[in-house]
There are 2 protein chains.
Amino acid sequence: MARKSKTQSDRPTLVDVAREAGVSAITVSRTIRSPDIVSERARNKVEEAIRKLGYTPDPAASALASRSTSTIGLLVPSLTNNVFADVLRGVYEGVEGTRFFVQIGNYRYSALSEEGLIRNFLSQRPAGLIVSSMDQTPAGRKLLEEAPCPVVQIMETSPGAVDMSVGFDQLEAVRAAARHVAECGYRRPGFLSARMDPRAQRRLGAFREEAAANDMLDEARIITTPQPSSVGMGRHLLEQLLARAPDTDAVICNNDDLAVGALMEAIRRNIAVPEQLGICSYNDIEMARHMVPALSAVATPRREIGRRAIAMLLAEIEAPGSVTERHIDLGYELVARESTAPR
Amino acid sequence: MARKSKTQSDRPTLVDVAREAGVSAITVSRTIRSPDIVSERARNKVEEAIRKLGYTPDPAASALASRSTSTIGLLVPSLTNNVFADVLRGVYEGVEGTRFFVQIGNYRYSALSEEGLIRNFLSQRPAGLIVSSMDQTPAGRKLLEEAPCPVVQIMETSPGAVDMSVGFDQLEAVRAAARHVAECGYRRPGFLSARMDPRAQRRLGAFREEAAANDMLDEARIITTPQPSSVGMGRHLLEQLLARAPDTDAVICNNDDLAVGALMEAIRRNIAVPEQLGICSYNDIEMARHMVPALSAVATPRREIGRRAIAMLLAEIEAPGSVTERHIDLGYELVARESTAPR
DNA sequence: ACACAAAATGATTGCGCTGTCATCAGCGCG
DNA sequence: CGCGCTGATGACAGCGCAATCATTTTGTGT
């Protein structure tokens with residue numbers, strides 16, 4: 001207990017390094033955190049000692065003393081969803097090589113557990129937070145507003161963002177899909193959607209508006225399920241759609257899984273795509289373009305969202321207030337391929 | 001500086017709660033960590049005080065004092081790969097509701113950066129570690145052997161596992177695929193593989209053996225690339241294969257992306273699957289069974305691997321040495337569907 | 001050579017919690 | 001009625017680092 005740490009079988013500490021290098025502990029701390037304010041002589045000695053002892057800083061002690069960590073919290077509603085898998089990749093690309101690391105919280109599309117996770121993350125004094133929606137509970141929102149760290153909300157555009165945001169106009173993107181289908185000459189489009197979280201609801205709303213504007217809204221052609229999205233679900237939903245409205249001539253799918261599933265179901269039934277049935281997907285993951293026929297889709301910048309979110313966060317962490325462009329709209333792109341065609 | 005923490009604008013501490021509840025700080029600590037050794041009276045008072053003050057423990061202080069965290073490190077070679085996405089889901093399912101949380105490290109199929117990540121994670125005093133291979137550098141392996149926490153190696157079966165392991169026999173699984181193709185009567189099978197990490201290499205080796213045993217090994221039909229796997233890559237590799245060996249009558253793909261890509265390329269070229277070309281996939285992600293034709297595949301227990309790995313880890317953390325079954329073989333399953341058929 | 005600013009370094013203290021013992025109350029039992 | 005025992009509680013120190021302020025060294029201009 002009273003032994004000097006040197007005698008402990010444990011890892012070396014700052015003090016051990018300091019002794020080895022013949023400097024004070026704080027100098028060691030400084031050569032690690034801001035080498036430029038330490039003389040070259042001292043720096044060399046310290047670095048040598050660190051190498052010799054195999055020293056690595058204890059993040060817990062650092063966090064306690066400095067009252068902040070190198071953790072960036074990332075809240076996503078799902079791990080299953082390909083969309084967030086892509087966002088995640090972008091995020092990890094962005095943190096790679098920095099001193100930060102990411103911790104993922106999955107709130108499973110439950111605003112309540114999202115609130116819990118926010119509370120939980122915040123209690124860890126994170127360096128920054130990325131959250132995947134604007135749909136927090138009032139308490140959750142308040143926590144974010146008062147968070148002692150930068151916060152980036154992703155996926156959608158700014159209205160109501162707490163601090164910073166990166167995304168695109170999801171509603172406009174869906175409208176673009178509906179418009180595209182209408183412009184191709186399809187007159188009786190359906191809409192398939194799984195997992196009806198608030199964002200999916202809003203997208204459906206946007207579809208309704210745009211369809212109505214083109215005088216082709218028919219509630220019977222809107223098929224949704226609260227269950228998770230999957231290729232199998234896409235097949236199932238198309239099956240339902242065709243049972244309820246056999247004369248449907250196009251279908252907009254709320255994501256790629258569903259679109260692939262719908263396409264496969266159409267092929268099984270010998271329904272010609274795009275002639276008898278147009279299919280337009282949402283998000284455009286890599287496989288969509290390789291299907292036969294290749295899927296038309298609204299491409300969304302998922303990976304880029306992750307990258308930019310991290311970039312903003314890091315900039316703001318290094319120099320609070322330095323980020324001037326606090327709300328980024330990355331846009332979307334309608335990519336017409338073979339699964340829709342002018343008729 | 002000399003102010004009592006009460007005056008600080010900051011969050012309440014253990015001491016604040018203790019004062020509020022009229023007990024000592026350590027009692028508060030105990031009611032949080034092991035409520036059963038605290039009298040009911042004290043527990044109630046403390047819980048009340050915690051609620052009143054909105055206290056949350058500071059994990060950094062806890063980690064420093066107790067010399068251990070609630071972090072579980074998860075090292076994966078890729079975030080893009082669907083296989084690890086599934087493992088990840090299993091892992092997150094497993095930690096949900098526990099006091100632990102997962103931190104992911106992506107070593108991008110580089111044993112060297114894996115070593116760095118191991119070092120890095122270990123310096124955080126994790127509660128446990130999950131690593132996705134047996135292919136560490138010698139130094140990396142040594143670190144794992146001496147790790148002061150339980151370690152689970154996943155994906156493969158035990159030979160050479162450092163501590164615990166969960167996986168299945170990858171080589172036997174590939175052999176099963178080759179055998180299946182042979183049993184269907186295909187005589188000139190090819191093999192497509194992307195991202196030739198050590199595991200992929202070994203699988204290719206197993207294919208070679210089994211193919212040779214069935215007298216149908218032809219090096220010209222083995223097409224690999226160091227690049228990442230994707231559906232597009234699957235199309236590309238099949239294209240190469242057919243250019244080099246047009247009489248190929250079946251193809252075993254090292255994962256589902258490639259298989260889907262190969263299938264799509266075959267469809268584009270009007271090659272009848274399974275009649276002219278049999279396709280057998282590896283892993284069997286959800287979409288594989290929904291393709292037209294449905295893909296035959298060796299199904300691997302990815303999600304279950306994640307779940308079991310966490311389960312073992314948590315058991316071992318709670319009671320070191322309590323886990324008796326330290327090497328779990330979850331097996332695989334050959335699922336014959338439409339993309340292969342007896343001829 | 002000297003004064004003075006700037007740069008480099010150091011001593012001290014405390015972050016919030018838990019490990020380790022010591023203490024104390026309550027209880028059954030001879 | 002006091003003994004020892006168990007279960008509950010507390011006092012104290014220290015985990016390893018960084019903030020703060022004090023001190024020393026170095027460099028600069030005249």
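Within every chain, numbering begins at 1; the chains are lettered A, B, ... in the order of the sequence lines, protein sequences first and strands thereafter.
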Practice task
For A/L64 and for B/T27, find the nucleotide of DNA chain D with the closest heavy atom, then tell me which residue's nucleotide is more 5'.
Solution key: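 In this pair, the answer is B/T27.
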Problem - Any residue of residues 38-46 of chain A with a heavy atom less than 4.0 Å from an atom of DNA chain C - result: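 By residue number: A/V38, A/S39, A/A42.
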Practice task
Mind listing the residues from residues 28-35 of chain B sitting with a heavy atom below 4.0 Å of DNA chain C? Number order is fine.
Solution key: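 Within this stretch, B/S29, B/R33 sit under 4.0 Å of the strand.
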Does OP1 or OP2 of [N] have a side-chain N or O of [X] closer than 4.0 Å?
X	N	answer
B/R67	D/dG16	yes
B/S66	C/dT18	no
B/T13	C/dG16	no

Identify every side-chain donor-acceptor pair in residues 317-324 of chain A under 3.5 Å, counting partners at least two apart or on other chains, and give the distances.
| unit_1 | atom_1 | unit_2 | atom_2 | d |
| --- | --- | --- | --- | --- |
| A/S322 | OG | A/A315 | O | 3.4 |
| A/S322 | OG | A/A319 | O | 2.7 |

Problem - Whole-Å distance separating the CZ atom of A/R125 from the C1' atom of D/dC17 - result: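 Nearest whole value for this atom pair: 14 Å.
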Practice task
Take atom CG of B/L14 and atom P of C/dC15, then tell me their distance rounded to the nearest Å.
Solution key: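 Checked: the CG to P distance equals 13 Å.
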Using the test side chain to side chain contact (heavy atoms under 4.5 Å, CB included), find all partners of [X] that sit at least two apart in sequence or belong to another chain.
X	result
A/A161	A/M134, A/Q153, A/S165, A/H327
B/E48	B/R51
A/R141	A/Q136, A/E145, A/V162

Practice task
Considering non-hydrogen atoms only, spot the tightest contact between B/L74 and B/F121 and give its length.
Solution key: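 So the minimum-distance heavy-atom pair works out to N-CE2, 3.6 Å.
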Exercise for the section: Return the minimal non-hydrogen interatomic distance between A/V131 and A/L144, and the atom names on each side. Expected result: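 Minimum heavy-atom separation between A/V131 and A/L144: CG2-CD1, 4.2 Å.
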Practice task
Could you check if a side-chain atom of A/M155 sits within less than 4.5 angstrom of a side-chain atom of A/I305, using non-hydrogen atoms only?
Solution key: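 Heavy-atom side-chain distance check passes, below 4.5 Å.
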Practice task
For residues A/L314 and A/I72, determine if any side-chain heavy atom of one lies less than 4.5 Å from a side-chain heavy atom of the other.
Solution key: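 Result yes, sub-4.5 Å side-chain heavy-atom pair found.
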Practice task
Go through C/dC17, C/dC15, D/dA11 for me and flag the one nearest to the B/I26 side chain.
Solution key: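 My answer, after comparing the listed nucleotides, is D/dA11.
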